[in-house]
> 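Please read through the structure below; I'll follow up with questions.
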Protein chains: 4
Amino acid sequence: MNLNELILQLREFARERDWERYHTPKNLAMAMSVEMAELVEHFQWLTADESQAVKDAPDKLQAISEEMADILLYLVRMADVLGVDLDQATQRKLVLNALKYPPITKV
Amino acid sequence: MNLNELILQLREFARERDWERYHTPKNLAMAMSVEMAELVEHFQWLTADESQAVKDAPDKLQAISEEMADILLYLVRMADVLGVDLDQATQRKLVLNALKYPPITKV
Amino acid sequence: MNLNELILQLREFARERDWERYHTPKNLAMAMSVEMAELVEHFQWLTADESQAVKDAPDKLQAISEEMADILLYLVRMADVLGVDLDQATQRKLVLNALKYPPITKV
Amino acid sequence: MNLNELILQLREFARERDWERYHTPKNLAMAMSVEMAELVEHFQWLTADESQAVKDAPDKLQAISEEMADILLYLVRMADVLGVDLDQATQRKLVLNALKYPPITKV
């Protein structure tokens, strides 16, 4: 995934639609949380097993992958607006998580 | 950003902690929505201007970028669990969005 | 608002539709969070002033009040399923909040 | 539950802390969604059965009932700020839901 290219595409997309004034970090966080709920909605009444079986239901999976893409697009747009290096932040968080949750030592 | 490498790192991370049984799509969607709210929390009482000024507050921005990374990590983990190609889904969504929201024609 | 009556109405509503098996606390929390996002969606692109002006837009307010009702209905249903006394919990929280956030003393 | 009394208590609470300027509908929706996620967090890794067993875990249930109260308090506060009659909206939604989802006829 080319984050820099995606940032530029989304920047141009907002500019061409005169959406820049709407894209405050506050608004983007709200909009992203709405997309997140649209993803959650697919799973709300499913059992654990049913939620795993979604993997084998192409239509359902297509719809779910669109919600996932919506979240990613807002995340990348917010990173651009705030000047956050998402790649670096992710690598840093992986290190922090590894320190916070040590692996289980099996005997 | 190397999505494939990230997928493998998160897969190994879950395996080493015996977390695979928790990582149903349903649970991952819930956990991701909780991380999302932690991002929203940073902006809830800010004005639009204050939310943009976060860009120039390094400590605040650091905390926010960690929440953004948490969302991305769950998104990538869910993509792996469901077998979703996040890169392809994103490119597809960009095309759909361009069709849904035509650019403004300025006179 | 008669909470007990509402609890009984929702209990009967779920029973008549054979929804009881879906109404685990986990699922109700997810469903409530989805309704919450539908409320948030109304405000995501509004300025602070525009969000206040909603008060004077009857159609908009009608739609918003329906989302608010949805949240309340799930909250009451969850209280029933978990055996939580929502009225008592609310009174208790008011006291806790008053201790946590002392009022401003004006000179 | 006395909604009118609760509205007055929360109105006074906000006034005494000079919080009225923060309590735009937009901000209250965001803050309520954050409280919602704190409720969801209690259930994110639980199985359906474990989420039901919470009923018999007093400490857990206490914490959960506090999150539920937080949601209700923001809901009532938002109703006041927007001039929404929450009781009437709820009764109206019950009727709409009954029309939308007819009960199952058992043979």
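Letters go in sequence order (proteins before strands), and every chain restarts at 1.
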> Decide yes or no for B:Asp49 and A:Thr24: does some side-chain heavy atom of the first lie under 4.5 Å from some side-chain heavy atom of the second?
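No, side chains not in contact.
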
> Can you tell which of B:Gln88, B:Arg17, B:Lys55 has the highest number of heavy-atom pairs within less than 4.5 Å of chain A?
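Among the listed options, the one with the most contacts to chain A is B:Arg17.
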
> Less than 4.5 Å to any heavy atom of chain A: does that hold for the side chain of B:Glu50, its backbone, both, or neither?
neither

> Any chance you could measure A:Leu94, atom CG, to B:Leu6, atom CG, to the nearest 0.5 Å?
6.0 Å

> Find the distance between NZ (B:Lys93) and CG (A:Asp70) and round it off to the nearest 0.5 Å.
3.0 Å

> Under 4.5 Å from any heavy atom of chain A, what part of B:Leu82 do you find: side chain, backbone, both or neither?
both

> A side-chain contact here means heavy atoms from C-beta on lying under 4.5 Å apart; do B:Ile104 and A:Glu16 qualify?
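Contact flag for B:Ile104/A:Glu16 side chains = no.
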
> Between atom OH of A:Tyr101 and atom CH2 of B:Trp19, what is the distance when rounded to the nearest 0.5 Å?
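Between atom OH of A:Tyr101 and atom CH2 of B:Trp19 there are 5.5 Å.
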
> Between A:Gln9, A:Gln62, A:His42, which has the largest tally of heavy atom pairs under 4.5 Å with chain B?
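Ranked by heavy-atom pairs under 4.5 Å with chain B, first place is A:Gln62.
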
> Between CG of A:Asn2 and OG1 of B:Thr90, what distance do you get to the nearest 0.5 Å?
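Between A:Asn2 CG and B:Thr90 OG1, I get 12.0 Å after rounding to 0.5 Å.
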
> Select one option (side chain, backbone, both, neither) describing which atoms of B:Ala79 are under 4.5 Å from chain A's heavy atoms.
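Answer is both: backbone and side chain atoms of B:Ala79 are under 4.5 Å from chain A.
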
> At a heavy-atom separation under 4.5 Å, does B:Val76 approach chain A through its side chain, its backbone, both, or neither?
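Contact with chain A: none, neither part.
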
> Say you draw a straight line from CG of B:Leu75 to CE of A:Met36; how long is it, rounded to the nearest 0.5 Å?
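Spacing of CG (B:Leu75) from CE (A:Met36) equals 7.0 Å.
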
> Compile the donor-acceptor pairs under 3.5 Å between side chains in residues 25-32 of chain A and protein atoms, sequence neighbours left out, one pair per line.
residue : atom : partner : partner atom : Å
A:Lys26 : NZ   : B:Phe43 : O            : 3.1
A:Lys26 : NZ   : B:Gln44 : O            : 3.1
A:Lys26 : NZ   : B:Leu46 : O            : 2.6
A:Lys26 : NZ   : D:Asn27 : OD1          : 2.7
A:Asn27 : OD1  : D:Lys26 : NZ           : 2.7
A:Asn27 : ND2  : A:Tyr22 : O            : 3.0

> Using heavy-atom distances under 4.5 Å, tell me whether B:Asn97 contacts chain A through its side chain, its backbone, both, or neither.
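Both backbone and side chain.
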
> Hey, does B:Gln91 have a side-chain heavy atom less than 4.5 Å from the side chain of A:Met1?
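Counting from C-beta outward, A:Met1 and B:Gln91 never come under 4.5 Å.
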
> Taking every heavy-atom pair that is under 4.5 Å apart, which of B:Ser51, B:Ala69, B:Pro102, B:Ala37 has the most such pairs with chain A?
B:Ser51

> Tell me, please, which residues at least two apart from B:Arg92 pass side chain to side chain donor-acceptor pair (under 3.5 Å).
A:Glu66

> Do you know the tightest heavy-atom contact between A:Ser65 and B:Ala89?
O-CB, 3.7 Å

> Rounded at 0.5 Å granularity, tell me how far CD1 in A:Ile71 sits from CE in B:Met78.
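Here the interatomic distance stands at 7.5 Å.
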
